[in-house]
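Take a look at the structure set out below.
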Amino acid sequence: MVVVRRRLIFWLIKAYIKKSKKILLLSFLAGLLIFLGIILGGKYLKTILTFQRQPVIGIVGSYERDNLPPFVVDRLSRGLTRVGSDGSINPDLAQEYSIEDRGKTYIFTLKNDKNFNDGSKLESKKLVYNYSDVKVERPEKNKIVFKLRDPYAPFLVTVSRPVFKSGYIGVGDYYIKDIDLNGNFVQNLTLGLKSNRFEKIRYVFYPTENALKTAFALGEITQANGLSSIDFQNTTFAKFPSTEVKKDVNYSKLVALFYNTTDPTLSDRKIRLGLNYALPTSEKYGKTAHIPYAPTSIYFNNEITERKQDIDHANLLLPDSKPTLNITTLRKYTNIAKLVAAEWKKTGIKTKIEEVDEVPDRFQIFLGDFNVPKDPDQYALWHTGQNSNITRYKNLRIDKLLEDGRKTVDINERKKIYGDFQRFLIEDMPASFLFFPYEFTVTRK
């Protein structure tokens, strides 16, 4: 009886399979496809699910569409050369380069495997440069030649500027996905990653640091970049839950006291040196500086002694009859001005402080900052003939070094020239270099 039932069950299953084999086959194939879809599409699904968690970065600054901040432009494209954090220069979109005619001719050979973000190939005819007194030749599709009227060694840094076709079509990892304007100014900007259309970065621009901090506290952004401090109201961002604080030194900016060397008091080199010795060496606001080059630079003169506060030495250099000095300071450095005034008071010098929003036309001492050039050339700041030489500093030896430095392409010779420049500049002290400021990035995890 049992055997008969087994045969019956086997017969029924066989008949069902024969009758429903199409349905069973389709069900099997559908299940297989679903399984493969889950396995192969896991990464794709994860990207979709995390879409809303893409970073929204807040920045302080006012920028127009045709003048986007460098950190954005660098994501959109690259230059013929790349400048390292130490000031060294290497080929980037160029496979190689050569310098001829004692620094007046620069020849770049382009890489063959690079395309613009619209898919078109990187070719010399598509590179547009508007340099005055420079003749541009394109002898081959992968070669571009610049012929200068005079030798100019910083030219290699100049061509590190990212290249674009019209409309910010570059050769970078990102492209402009969306942009919102408030009048002529960019309000927010969204970049898309070329290799993954679901990944993006959104930048939001704020007029002041306080506005940026408030936006982060309210959750409008996931990251606040370039903060000078993490203080917020009666607390700090370090105490915010699920918040990460990163501290960096901004070696591209240098805070300094600029002395008006034509002032009756400050025209005396001994007084400027005395004031410099009386300065504090605290690193509360940034990395202490004593020369106008970052310590990370290959042009930094390691033989120059670091500045240390020495009140006794300061008193030996300062006159017995102590002058009253006027510091004109950018508002953001008012606390620094007060700190300087407190230290100078130890020598008997009294100080008056005036706040301004920009570099004044006239001053006795100006407390401000300047952008440290990627190239060691600081001709614009210190050469006698430059209007941007706000200290009105005059030194023929310094002028000659600056003139030679921008004409010399040999890197070892340049190191020697700028090493001497730093040494002689510090002997005259037209400015006291205070610090490279700290910058904070606050991120919500």
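Predicted model, so just to flag it, every value in this text is computed and none were measured. FYI, side chains are in, hydrogens and waters are out, and symmetry mates aren't considered; it's all heavy atoms of this structure. Throughout, numbering of the chain's residues begins at 1 and tracks the sequence.
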Quick check against the 3.5 Å criterion: does S160 have a side-chain atom that pairs as donor or acceptor with the backbone of T158?
no
Closest heavy-atom pair and its distance - S77, V171
OG-N, 2.9 Å
Verify whether one side chain among K135 and T105 offers a donor that lies under 3.5 Å from an acceptor in the other.
no
Do you know which two heavy atoms are closest between W344 and A278, and how far apart they sit?
CD1-CB, 3.6 Å
More than 12 heavy atoms of other groups within 6.0 Å of K141 NZ
no
With a 3.5 Å cut-off and no angle check, do the side chains of D263 and Q364 form a donor-acceptor pair?
yes
All heavy atoms of L110 vs all of E123, minimum pair found to be CD1-C, 3.7 Å
Please step through salt bridge (charged side-chain N to carboxylate O under 4.0 Å, His left out) for the pair K104 and D150, ending with a clear verdict.
CA-CA 6 Å; K104 291 195 291 186; D150 300 304; over 6 Å; no
Flag, side chain of T408 to backbone of D404, donor-acceptor distance under 3.5 Å:
yes
Do the side-chain N and O atoms of T190 and N188 include a donor-acceptor pair separated by under 3.5 angstrom?
no
Verify salt bridge (charged side-chain N to carboxylate O under 4.0 Å, His left out) between D369 and K332, making sure each step is shown before the conclusion.
CA-CA 11 Å; D369 55 46; K332 60 182 176 180; 3.3 Å; yes
K147 NZ: over 12 foreign heavy atoms closer than 6.0 Å
no
Of all the heavy-atom pairs spanning G419 and N301, show the shortest one and how long it is.
O-ND2, 2.9 Å
Distance-only side-chain donor-acceptor flag, T443 / Q223, under 3.5 Å:
yes
Compute whether any side-chain donor of one residue and acceptor of the other, for T384 and D399, lie under 3.5 angstrom apart.
yes
Regarding K213 and T208, do their side chains bring together a donor and an acceptor under 3.5 Å, going by distance alone?
no
Testing the 3.5 Å rule here: is there a donor-acceptor pair between the side chains of Y203 and R75?
yes
Parallel, tilted or perpendicular: ring planes of F366 versus F258, cut at 30 and 60 degrees
parallel
Is the number of heavy atoms from other residues, nucleotides or ligands within 6.0 Å of CZ (R149) greater than 12?
no
Find the distance between OH (Y259) and CG (L257) and round it off to the nearest 0.5 Å.
5.0 Å
Supply the atom-to-atom distance L425 CG to W382 CH2, rounded to the nearest 0.5 angstrom.
5.5 Å
Test item: R414 side-chain N/O and G405 main-chain N/O as donor-acceptor pair under 3.5 Å
yes
Side chain K394, main chain G385, donor-acceptor under 3.5 Å
no
What do you reckon, is NZ of K287 surrounded by more than 12 foreign heavy atoms closer than 6.0 Å?
no
Side chains of N276 and S432 only: does a donor on one sit below 3.5 Å from an acceptor on the other?
yes
Kindly say whether I59 contributes a backbone atom to a donor-acceptor pair with the side chain of N225 at under 3.5 angstrom?
no
Around K121, counting heavy atoms of other residues, nucleotides and ligands shown, do more than 12 lie under 6.0 Å from its NZ?
yes
Measuring only between side-chain heavy atoms, which start at C-beta, is R269 closer than 4.5 Å to L273?
yes
Test K416 against D420 for salt bridge (charged side-chain N to carboxylate O under 4.0 Å, His left out), laying out the working first.
CA-CA 6 Å; K416 182 179 182 305; D420 289 342; 3.6 Å; yes
For the residue pair F240 and F237, categorise the inter-ring angle as parallel (less than 30°), tilted (30 to 60°) or perpendicular (more than 60°).
perpendicular
Rounded distance (nearest 0.5 Å) linking atom NE2 of H290 with atom OG1 of T305
7.5 Å
Step-by-step side chain to side chain contact (heavy atoms under 4.5 Å, CB included) determination, F436 to D248
CA-CA 10 Å; F436 297 97; D248 291 305; over 6 Å; no
Taking NZ, NE, NH1 and NH2 as the nitrogens, is one of them in K346 or E343 under 4.0 Å from a carboxylate oxygen of the other?
yes
Separation between CG of N117 and OH of Y168, rounded to the nearest 0.5 Å:
14.0 Å
Flag yes if more than 12 heavy atoms outside K143 fall under 6.0 Å of its NZ atom; otherwise flag no.
no
Any donor and acceptor pair, going by atom type alone, linking the side chain of Y129 with main-chain N or O of V163 inside 3.5 Å?
no
Carefully, step by step, assess I271 and T265 under the rule side chain to side chain contact (heavy atoms under 4.5 Å, CB included).
CA-CA 8 Å; I271 292 179; T265 299; 3.9 Å; yes
Treating R406 as the side-chain partner and A153 as the backbone partner, does any N or O pair qualify as donor plus acceptor under 3.5 Å?
no
Within 45 degrees of the axis of the six-membered ring of F433 and under 6.0 Å from its centre: does R307 put its NZ or CZ there?
no
Whether Q422 side chain and I304 backbone form a donor-acceptor pair below 3.5 Å
no
Rounding to 0.5 Å, atoms CZ (F435) and OH (Y285) come to a distance of 8.0 Å
Carefully, step by step, assess F205 and Y63 under the rule ring pair (Phe, Tyr, Trp, His ring centres under 6.0 Å).
CA-CA 8 Å; F205 300 93; Y63 300 93; 5.6 Å; yes
Should the pair H383 and Y379 be assigned to parallel (<30°), tilted (30 to 60°) or perpendicular (>60°) ring geometry?
parallel
Side-chain donor or acceptor of E439 paired with backbone N/O of N250 under 3.5 Å
no
d(E354 CD, T334 OG1) to nearest 0.5 Å is 11.0 Å
For V204 and I57: C-alpha separation, side-chain torsions, deciding distance, then whether side chain to side chain contact (heavy atoms under 4.5 Å, CB included) applies.
CA-CA 6 Å; V204 184; I57 302 173; over 6 Å; no
Would one find more than 12 heavy atoms of other residues, nucleotides or ligands at under 6.0 Å from atom CD of E64?
yes
Would you say Y251 has more than 12 foreign heavy atoms packed within less than 6.0 Å of its OH?
yes
In terms of relative ring orientation, are Y293 and Y418 parallel, tilted or perpendicular, with 30° and 60° separating the classes?
tilted
Do any N or O atoms from the side chain of D310 and from the backbone of H313 form a donor-acceptor pair under 3.5 angstrom?
yes
What class does the angle between the rings of Y131 and F155 fall in, given that below 30° is parallel, 30 to 60° is tilted and above 60° is perpendicular?
perpendicular
Go through the steps for L191 and K177 under the test side chain to side chain contact (heavy atoms under 4.5 Å, CB included), then give the verdict.
CA-CA 5 Å; L191 304 185; K177 189 178 183 72; over 6 Å; no
